[in-house]
Amino acid sequence: MTLLGAKLAAARAAGAVSRRAGRGGTSLPGKVLMRLEPHAIGELAARLPNGSAILSATNGKTTTAAMVASIMGRGGHRLVHNRAGANMAGGVASALLGAAGRRGTMAGDTGLFEVDEFWLDRLVPEVRPRVLLLANLFRDQLDRYGELETIADRWAEVVADTPAQLVLNADDPLIADLGRERDALFFGVEDPAMALPGLAHASDSKHCRRCGAPYRYDLVFLGHLGHYRCDACGAARPAPQVAAERVVLDGLRGARVTMRTPAGTADVTLPLPGLYNVYNMLGAAAMALSLGAPLADVVAGLEAVSPAFGRAETVRVGDREMLLLLVKNPAGANEVIRTLALEDGEHDVLAVLNDNIADGRDVSWVWDADFEVLAGRLRRVVCSGTRAPEMALRLKYAGVPAGRLEVVEELPRALDAAVDGGDGRLVAIPTYTAMLELRDELVARGVAGSSFG
Amino acid sequence: MADVLRVCALYPDLMNIYADRGNMLMLQQRCAWRGLGFELTAAGLGDPVDPDGADLFYLGGGQDRDQLLCAEDLVATKREALHAAADRGAIVLGICGGIQLLGHEYALGDRAVPGVGLVDLRTVREEGPRLIGNVAIEVELPGLEGPRVLAGFENHGGRTKLGPETRPLGRVLKGFGNDGRSGYEGVRRGTVLGTYLHGPLLPKNAWFADWLLATALGRDLRELAPLDDALEDAAHASARRAAGI
């Protein structure tokens with residue numbers, strides 16, 4: 001056994017112990033491996049004959065990766081993919097470790113890794129991806145990530161040092177700017193019917209990254225994503241090569257999109273809801289095309305994609321259909337709110353606000369999300385989680401009558417209260433750790449499959 | 001006695017990084033539920049400020065570059081008006097980046113950026129990490145019997161040093177406060193108040209929203225009609241628990 005082989009075996013053993021102890025242990029074996037061999041990721045990624053692809057963003061990483069995986073699977077590719085969303089070094093190392101066989105073989109030909117915004121500068125030089133997709137930057141967990149511009153500066157250094165094919169969102173000025181001096185494949189939305197009346201309250205990046213003057217927006221699609229230009233220095237949205245020319249949103253069911261690509265134009269029936277998933281779709285399509293997927297696979301893969309867990313996933317609880325929509329920052333919340341508002345009638349909601357480290361300890365952001373849009377459309381909301389009262393308070397000040405709000409901090413009891421309080425569809429909007437807890441509870445009740453299956 | 005609360009938000013499109021709008025919403029709704037009027041105006045880059053035009057001037061926090069733009073504009077176009085407003089007893093409330101701009105200067109990289117000098121304080125950079133976390137402070141304010149607790153969240157790199165005669169807003173119970181060492185948090189000189197408890201501070205402390213409202217209107221706090229604050233009290237308790245008290 002080689003030295004690396006011995007280290008792989010030791011890390012695997014640690015993972016097995018952790019699993020027997022009843023813990024998920026998604027990233028633990030990878031963490032052990034990194035301690036034994038700091039460059040294990042680079043060494044294992046180099047064994048993948050078809051190379052790797054990396055994607056990062058504030059919102060949509062896991063879903064976009066699931067779309068790329070669905071597309072690449074059509075072409076018979078075997079992916080090494082951190083699909084459970086463990087997206088720091090430990091998670092990427094664990095995925096590679098899981099695929100590493102004896103004598104230097106790999107159970108997979110292509111790496112597909114979603115990477116946390118802060119880990120990109122450490123993981124890109126290790127993995128040396130063929131394709132790098134950067135999809136969006138929204139304000140998120142300022143206590144952990146700091147300011148958007150800090151992340152953008154770190155990303156600019158990553159971009160400067162990698163020969164990877166760049167795939168960038170033309171509609172996000174902070175992202176598009178990363179491709180000014182490079183060849184990049186840009187994607188964006190071109191359907192003016194999708195435009196909002198103006199910038200959302202919590203929009204970021206309203207000022208030119210080059211010169212500081214305010215951008216002028218002709219169209220705003222989502223947060224600060226749209227068609228913009230800087231009148232002062234002339235910086236403008238690049239023309240996207242992969243574009244959604246026509247979009248029809250079909251409520252919570254999905255969207256129909258006419259997508260133009262360098263490989264031709266196609267109609268796609270996307271089974272995931274909301275314009276945010278149209279953006280995920282465009283990024284995934286552009287990445288898959290860059291990896292060499294034919295357009296037919298792109299369309300078929302997108303139409304067959306299943307939701308990543310907790311992201312527009314539907315489960316049956318008692319007599320009710322429950323839709324899980326992860327909500328973790330204002331931009332994501334606003335898209336979920338907008339998508340819910342497309343549906344007729346009043347909604348029953350289970351809102352779970354946690355302030356654990358992975359959620360961001362600071363729950364200020366709920367005041368940035370535009371819950372006002374739904375205020376008249378909520379029949380009943382059960383608020384749960386470690387900061388349940390602040391969630392309820394946010395809704396009260398958004399205009400939801402206090403009599404429609406119920407605070408039940410403990411999650412299993414809140415789930416019961418939400419399920420028992422009505423019939424028809426129930427919408428759950430949990431933060432990240434709340435989503436994991438909620439899913440564990442649903443698995444324990446036998447109504448949902450395991451997260452890491 | 002005025003029955004309309006007039007609030008002027010300074011740079012609301014730039015200085016809003018931690019959801020400062022929650023504070024506006026809190027004041028607006030609590031006025032509405034009591035039958036009081038609420039008027040919100042905004043003063044952006046280059047806009048003049050009328051010192052008599054509002055009862056409460058609000059200055060939130062922003063990203064470094066935005067805050068620098070606002071600091072320069074504040075000194076150039078709004079300094080005299082804010083001094084005049086404070087002198088006639090209007091509330092000037094600076095939150096997060098806002099407290100730094102209320103003082104003489106704050107450090108940004110190697111620069112010392114001038115503030116409006118409404119209070120005697122300076123904000124410097126020191127070795128060490130950003131001061132981030134849940135925080136609770138004990139404050140005593142005119143018109144209130146005994147000390148009260150403000151609970152919130154702080155996230156700042158700057159360390160704020162008060163001048164020798166300057167009073168803090170409160171005493172740190174949990175968290176870092178102005179500089180992580182002094183045990184002081186925020187600043188208060190008459191109706192000029194500053195704090196690092198950022199963003200939606202008022203939703204976590206409905207009592208403080210009412211104190212601001214009453215003080216800005218020149219009323220006794222006890223004259224305000226009571227509201228059903230069950231959720232507000234629960235949110236305050238939950239913010240205190242998060243801070244560890």
Side-chain angles (χ1 to χ4, degrees), chain A residues 139 141-150 152-153 199 201-209 211-214 329-330 353-357 360-372 383 385-400 402-403 405-407 409, chain B residues 12-14 16-30 32-33 44-45 61-69 96 130-135 151-155 157 197-204 206 209 227-239 241-243:
Chain A
R139 67 171 79 171
Q141 299 186 27
L142 293 154
D143 53 323
R144 184 157 92 85
Y145 292 113
E147 301 184 348
L148 290 185
E149 304 217 347
T150 314
D153 289 346
L199 284 171
H201 169 80
S203 310
D204 304 292
S205 316
K206 284 178 285 204
H207 291 78
C208 179
R209 180 166 160 75
C211 74
N329 50 39
L353 177 62
N354 277 359
D355 66 352
N356 297 313
I357 287 166
R361 303 299 317 273
D362 186 1
V363 295
S364 299
W365 65 270
V366 299
W367 296 89
D368 256 345
D370 297 322
F371 288 103
E372 281 75 8
C383 298
T386 52
R387 300 301 288 272
E390 186 139 346
M391 186 67 237
L393 199 65
R394 173 68 189 100
L395 294 170
K396 176 180 172 183
Y397 281 80
V400 180
L405 300 167
E406 193 179 333
V407 175
E409 298 194 13
Chain B
D13 58 333
L14 293 172
N16 67 7
I17 189 168
Y18 296 109
D20 294 87
R21 121 172 120 168
N23 294 326
M24 299 297 124
L25 210 49
M26 198 77 183
L27 292 170
Q28 177 176 13
Q29 296 282 51
R30 297 180 76 78
W33 291 330
L45 294 174
Q63 300 206 53
D64 282 348
R65 188 167 69 183
D66 294 339
Q67 184 168 324
L68 176 61
L69 285 174
C96 188
R130 286 180 75 82
L131 306 179
I132 303 176
N134 287 291
V135 50
F153 202 93
E154 62 185 319
N155 181 352
L197 275 60
H198 72 204
L201 166 67
L202 302 186
K204 293 176 184 67
L227 299 172
D228 175 358
D229 277 343
L231 284 178
E232 285 80 351
D233 293 343
H236 178 66
S238 138
R241 268 201 309 280

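Both backbone and side-chain heavy atoms feed into the values below; hydrogens, waters and symmetry mates do not. Predicted model, so just to flag it, every value in this text is computed and none were measured.
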Visitor: Counting heavy-atom pairs under 4.5 Å with chain A, which one of B:Gly199, B:Gly157, B:Ala239 comes out on top?
Guide: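 Max contact count across the listed options: B:Ala239.
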Visitor: Between B:Arg241 and A:Asp355, is there a salt bridge with N-O shorter than 4.0 Å?
Guide: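 B:Arg241 and A:Asp355: not salt-bridged.
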Visitor: Chain A: which of B:Asn134, B:Asp64, B:Leu69 shares the most heavy-atom pairs with it under 4.5 Å?
Guide: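 That would be B:Asp64.
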Visitor: Under a 4.5 Å cutoff for heavy-atom pairs, which residue among B:Ala230, B:Pro200, B:Ala235, B:Ala206 has the most contacts with chain A?
Guide: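 Option with the greatest count: B:Pro200.
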Visitor: Is any side-chain heavy atom of B:Leu231 closer than 4.5 Å to a side-chain heavy atom of A:Leu405?
Guide: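 B:Leu231 reaches A:Leu405 side chain to side chain.
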Visitor: Quick one: salt bridge (Lys or Arg N to Asp or Glu O under 4.0 Å) partners of B:Asp233, sequence neighbours excluded?
Guide: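 Once residues adjacent in sequence are excluded, B:Asp233 has no partner under the salt bridge (Lys or Arg N to Asp or Glu O under 4.0 Å) criterion.
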Visitor: When you compare the side chains of A:Arg139 and B:Tyr18, does any donor N or O come within less than 3.5 Å of an acceptor on the partner?
Guide: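 Short answer, no.
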Visitor: In terms of heavy-atom pairs under 4.5 Å with chain A, which of B:Arg30, B:Glu154, B:His236 leads?
Guide: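 Most heavy-atom pairs within the cutoff with chain A belong to B:Arg30.
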Visitor: Which residue, B:Glu232, B:Gln29, B:Gln28, forms the side-chain hydrogen bond (donor to acceptor under 3.5 Å, both in side chains) with A:Tyr397?
Guide: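 Single side-chain hydrogen bond (donor to acceptor under 3.5 Å, both in side chains) partner of A:Tyr397 among B:Glu232, B:Gln29, B:Gln28: B:Glu232.
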Visitor: Return the set of residues passing salt bridge (Lys or Arg N to Asp or Glu O under 4.0 Å) with A:Asp153 (not counting sequence neighbours), or none when no residue passes.
Guide: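 By the salt bridge (Lys or Arg N to Asp or Glu O under 4.0 Å) rule, A:Asp153 matches A:Arg209.
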Visitor: Nearest 0.5 Å, what's the CG-CG distance between B:Asn16 and A:Asp368?
Guide: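 These two atoms lie 6.5 Å from each other.
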Visitor: Of all heavy-atom pairs between B:Gln63 and A:Leu148, which one has the smallest distance, and what is that distance?
Guide: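 Nearest pair, atom of B:Gln63 first, then A:Leu148: OE1-N, 3.6 Å.
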Visitor: What heavy-atom pair brings B:Ser238 and A:Arg387 nearest, and what distance separates the two atoms?
Guide: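 The answer is OG-NE, 3.0 Å.
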Visitor: Are the side chains of A:Ser364 and B:His198 in touch, meaning some heavy atoms are under 4.5 Å apart?
Guide: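 Yes, side chains in contact.
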